[in-house]
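Structure record follows, encoded as structure tokens.
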Amino acid sequence: MLSQKNQEVAMQLAQFVAENGRVESKGGKFNPASMEEEVSFEASERGFESKTAQEMGKFAAKNSK
């Protein structure tokens, strides 16, 4: 389970990757698998450990529209 802080960071990363055109979308909705992958990658790049990065990706995919 992600901490509140990491949930907030996950959503900030979701916004970042979406604004940079890195997330596939269809009909105005983000592809959850694409969102999960991009947020996980970005979190890893920013120094989060692998398991946390993956959880952040899953959280962002579930909570992004």
Side-chain angles (χ1 to χ4, degrees):
M1 186 73 181
L2 286 175
S3 67
Q4 181 71 33
K5 176 68 177 160
N6 283 350
Q7 288 177 5
E8 291 171 11
V9 172
M11 295 310 293
Q12 290 169 356
L13 293 178
Q15 184 176 352
F16 174 79
V17 297
E19 287 176 352
N20 284 283
R22 291 171 40 190
V23 181
E24 296 173 14
S25 62
K26 188 174 187 178
K29 289 189 148 194
F30 292 122
N31 176 324
S34 179
M35 177 64 78
E36 180 177 341
E37 184 177 324
E38 290 297 333
V39 170
S40 294
F41 175 79
E42 190 64 33
S44 292
E45 288 290 300
R46 295 185 185 205
F48 288 92
E49 60 182 55
S50 181
K51 184 178 179 189
T52 302
Q54 289 175 345
E55 288 180 25
M56 292 170 89
K58 288 179 180 165
F59 181 83
K62 193 187 309 186
N63 294 287
S64 296
K65 295 180 181 172

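Below, all heavy atoms of this structure are taken into account, side chains as well, without hydrogens, waters or symmetry copies.
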Would you check, one step at a time, whether the test side-chain contact (heavy atoms from CB on, under 4.5 Å) holds for Lys65 with Met35?
CA-CA 10 Å; Lys65 295 180 181 172; Met35 177 64 78; over 6 Å; no
As a quick check of understanding, evaluate side-chain contact (heavy atoms from CB on, under 4.5 Å) for Phe41 and Val17, giving each step before the final call.
CA-CA 10 Å; Phe41 175 79; Val17 297; over 6 Å; no
Could you go through Gln7 and Asn63, starting from their C-alpha distance and side-chain angles, then the distance that decides it, and tell me whether this counts as side-chain contact (heavy atoms from CB on, under 4.5 Å)?
CA-CA 10 Å; Gln7 288 177 5; Asn63 294 287; over 6 Å; no
Do Phe59 and Asn6 pass the side-chain contact (heavy atoms from CB on, under 4.5 Å) test, and can you show the C-alpha distance, the side-chain angles, and the key distance before you say yes or no?
CA-CA 10 Å; Phe59 181 83; Asn6 283 350; over 6 Å; no
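The distance from the CG atom of Asn31 to the CD atom of Glu37 is 9.5 Å, given to the nearest 0.5 Å. Between Glu38 atom CD and Phe16 atom CZ the span is 10.5 Å, to the nearest 0.5 Å. Here the CE atom belonging to Met11 is positioned 4.0 Å from the OG atom belonging to Ser64, to the nearest 0.5 angstrom.
Closest heavy-atom contact between Gly57 and Ser40: CA-OG, 3.4 Å. The two atoms that bring Val39 and Ala14 nearest to each other are CG2-CA, 3.7 Å, heavy atoms only. Minimum interatomic distance between Ala10 and Ala60 (heavy atoms only, all atoms of both residues): O-CB, 3.9 Å.
Using a 4.5 Å cut-off on side-chain heavy atoms (C-beta onward), Met56 and Leu2 make contact.
Ser44 contributes no side-chain N or O that, together with a main-chain N or O of Ser50, makes up a donor-acceptor pair within less than 3.5 Å.
Counting non-hydrogen atoms of neighbouring residues, nucleotides and ligands closer than 6.0 angstrom, the CD atom of Gln15 reaches no more than 12 such neighbours.
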